[in-house]
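Worksheet for the structure shown next.
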Protein chains: 2
Amino acid sequence: MKLNTKSRYAVMALADMSKFPINNPVSLRDISLRQSISLFYLEQIFLKLKQNDIVKSVRGTNGGYVLKRDPKNIKLSEIFQALDQKVKTVGCKKDSKKGCNGKSAKCITHELWDELEIYINNFFENKKLSDLSLTRGNN
Amino acid sequence: MKLNTKSRYAVMALADMSKFPINNPVSLRDISLRQSISLFYLEQIFLKLKQNDIVKSVRGTNGGYVLKRDPKNIKLSEIFQALDQKVKTVGCKKDSKKGCNGKSAKCITHELWDELEIYINNFFENKKLSDLSLTRGNN
DNA sequence: TATATACCCGACTAAAATAGTCAAGTATTC
DNA sequence: GAATACTTGACTATTTTAGTCGGGTATATA
């Protein structure tokens with residue numbers, strides 16, 4: 001059970017941005033340097049964030065990215081969704097007509113995994129970008 | 001964020017076993033057939049479960065595996081630990097003297113991931129094998 | 001208007017993890 | 001002694017992850 005770097009970096013980068021005045025474009029280059037994340041990788045990540053209406057871009061010199069909404073209104077679940085990061089506890093598709101192992105019924109532990117999935121998603125659903133405590137001690 | 005098949009199958013197999021009278025050896029072959037899990041794979045899984053004192057083995061004809069404790073006393077967290085399945089939300093090692101990105105401080109979102117890790121582990125810690133509702137409807 | 005900055009975006013790749021297979025055993029019961 | 005079933009380490013194909021790269025386009029500023 002592991003969180004991938006893409007979502008992790010996405011949250012890190014957005015947290016970084018949220019420390020600056022809103023409407024002030026923050027360049028990926030700066031984020032890259034401050035957070036030690038590859039610039040190329042950040043580009044990939046921000047493409048998704050943009051497509052999902054979490055940030056908007058400002059092109060050209062002094063450009064960068066800007067949070068599209070107040071950090072209070074950005075749920076972590078949105079960020080994860082943007083990066084196709086799903087919490088998957090079962091191999092079997094929930095909405096499939098067939099059961100889990102090619103059998104007719106649900107697998108014996110199906111309900112447990114569903115429960116776990118809901119439990120974890122709940123965490124992300126209730127956490128906002130603004131909830132991260134960004135003290136000066138942490139960069 | 002994905003659960004691997006090894007832990008999932010482990011819980012499935014143990015749930016399967018817990019439906020039978022305790023002290024009645026259940027063979028991997030039977031579990032394999034009922035739950036559609038490869039016998040070879042189950043062997044690998046049960047090796048770990050045995051090493052971690054969750055099941056004990058009975059060799060020979062009519063042998064199999066037996067739960068070493070009452071399902072009420074088997075926490076899911078134990079099963080996961082047995083299979084080296086850890087909940088990992090950060091790349092950086094917690095106990096390392098260095099910070100997360102080779103920097104001196106913790107990464108900006110470190111506390112968040114710690115919190116998530118604790119949150120998820122909490123789920124497994126509080127869930128017992130006996131908590132799985134094994135109705136006849138599910139196999 | 002030239003130039004540097006910074007976003008845009010698809011294609012590519014190395015490395016690691018996962019999922020599963022296999023073989024050659026040993027112990028036990030019937 | 002034959003069949004059943006656990007024992008254990010080694011091996012492998014596939015998938016996923018993490019990250020790189022190249023060749024763009026848009027815009028501000030000097």
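Proteins come first, then strands; the chains are lettered A, B, ... in the order of their sequence lines, and each starts at number 1. None of the values given here were measured: they were computed from a predicted structure.
- Closest-nucleotide positions on DNA chain C for Val58(B) and Ser38(B) were compared, and the one nearer the 5' end corresponds to Ser38(B).
- Lys48(A) has its NZ atom 15 Å from the C1' atom of dA18(D), to the nearest Å.
- With 3.5 Å as the limit, one finds no donor-acceptor pair spanning the side chains of Tyr9(A) and Ser38(A).
- For the OP1/OP2 pair of dT7(D) and a distance below 4.0 Å, the side-chain nitrogens and oxygens of Ser57(B) include at least one atom meeting the criterion.
- Residues forming a side chain to side chain donor-acceptor pair (under 3.5 Å) with Gln81(B) (at least two apart in sequence, or on another chain): none.
- When the C1' atom of dA18(D) is taken as reference, atom CG of Leu39(A) falls 15 Å away, rounded to whole Å.
- Not one side-chain nitrogen or oxygen of Lys50(B) sits closer than 4.0 Å to the OP1 or OP2 atom of dC6(D).
- The outermost nucleotides of DNA chain C lying under 4.0 Å from heavy atoms of chain A, listed 5' to 3', are dA4(C) to dA11(C).
- Within 4.0 Å of Phe46(A), counting heavy atoms only, lies no atom of the nucleic acid at all.
- Rounding to the nearest 0.5 angstrom, the gap separating the NZ atom in Lys19(B) from the CG atom in Asp16(B) is 5.5 Å.
- To the nearest angstrom, P of dA5(D) lies 14 Å from CE of Met17(B).
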Pairs: protein N or O with nucleotides 9-17 of chain D N or O, under 3.5 Å:
none

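- Distance, Ile45(B) CD1 to dT8(D) C1': 15 Å, rounded to whole Å.
- For Glu117(B) and Lys88(B), the salt-bridge test fails: no basic side-chain N is under 4.0 Å from an acidic carboxylate O.
- Summarising the geometry, atom CD1 belonging to Ile118(A) is positioned 14.0 Å from atom CH2 belonging to Trp113(A); distances are rounded to the nearest 0.5 Å.
- Note that the NZ atom of Lys6(A) and the CD1 atom of Ile79(A) stand 15.5 Å from one another [nearest 0.5 Å].
- The bend of the helix from dT1(C)-dA30(D) to dC30(C)-dG1(D), defined by the angle between the axes of its first five and last five pairs, stands at 10° to the nearest 10°.
- By the 30° and 60° cut-offs, the orientation of the rings of Tyr119(A) relative to Tyr119(B) is parallel.
- Counting only residues at least two apart or in different chains, ring-ring contact (aromatic ring centres under 6.0 Å, His included) contacts with residues 49-87 of chain A comprise Phe46(A)-Tyr65(A), Phe80(A)-Phe124(A).
- Between Glu43(A) and Lys48(A) there is no salt bridge, since no side-chain N of the basic residue sits under 4.0 Å from a carboxylate O of the acidic one.
- By the 4.5 Å heavy-atom criterion applied to side chains, Leu14(A) and Ile54(A) are counted as neighbours.
- Note that CD of Gln85(B) is 11.0 Å distant from CZ of Arg8(B), once rounded to the nearest 0.5 Å.
- The closest donor-acceptor contact from the side chain of Asn126(A) to the backbone of Phe123(A) lies at 3.5 Å or more, if one exists at all.
- Here CG of Leu28(B) is found 12.0 Å from CD of Gln35(B). Values are rounded to the nearest 0.5 Å.
- Expressed to the nearest 0.5 Å, how far CD1 of Ile74(A) lies from OG of Ser130(A) amounts to 9.0 Å.
- Computed from coordinates, the Leu83(A) CG to dG19(D) C1' distance equals 15 Å when rounded to whole Å.
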N/O contacts under 3.5 Å, protein versus nucleotides 24-27 of chain D?
unit_1: dT25(D); atom_1: O2; unit_2: Arg59(A); atom_2: NH2; d: 2.7
unit_1: dA26(D); atom_1: O4'; unit_2: Arg59(A); atom_2: NE; d: 3.2
unit_1: dA26(D); atom_1: O4'; unit_2: Arg59(A); atom_2: NH1; d: 3.3

